[in-house]
Amino acid sequence: MATSSFSREFVLSKEAAEILSEELEKQTEHYVPKKDMQKELKKGESVFKQILSHL
């Protein structure tokens with residue numbers, strides 16, 4: 001298997017290509033954000049309103 005990336009070409013052995021293919025097909029865990037974005041947006045909106053009220 002050969003693939004190019006920008007200006008370099010990589011040649012993989014059949015075994016390496018199979019391992020890479022298997023790894024890419026594995027299911028990954030879903031990303032769970034560390035913060036609740038809705039809560040953060042509401043907090044930001046509140047701060048923004050406070051700043052505007054002082055102008």
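Please read all numbers here as calculations on a predicted model, not as lab measurements. Values reported hereafter were calculated over all heavy atoms of this structure, with side chains retained and with hydrogens, waters and symmetry mates removed.
Ile19 is not connected to Val11 by any chain of hydrophobic side-chain contacts under 4.5 Å among Ile, Leu, Val, Met, Phe, Trp and Tyr, and they are in different clusters.
Checked against side chain to side chain contact (heavy atoms under 4.5 Å, CB included), Glu18 has the following partners two or more places apart in sequence or in another chain: Lys14. Residues that satisfy the side chain to side chain contact (heavy atoms under 4.5 Å, CB included) test with Gln38, not counting sequence neighbours, are Asp36, Leu41.
Residue Gln50 holds its CD atom at 6.5 Å from OG of Ser53, rounded to the nearest 0.5 Å. Separation of atoms CE (Met37) and NZ (Lys35) is listed at 8.5 Å; rounding is to 0.5 Å.
For residues 46-55, the pairs satisfying salt bridge (charged side-chain N to carboxylate O under 4.0 Å, His left out) are Glu45-Lys49, with sequence neighbours left out.
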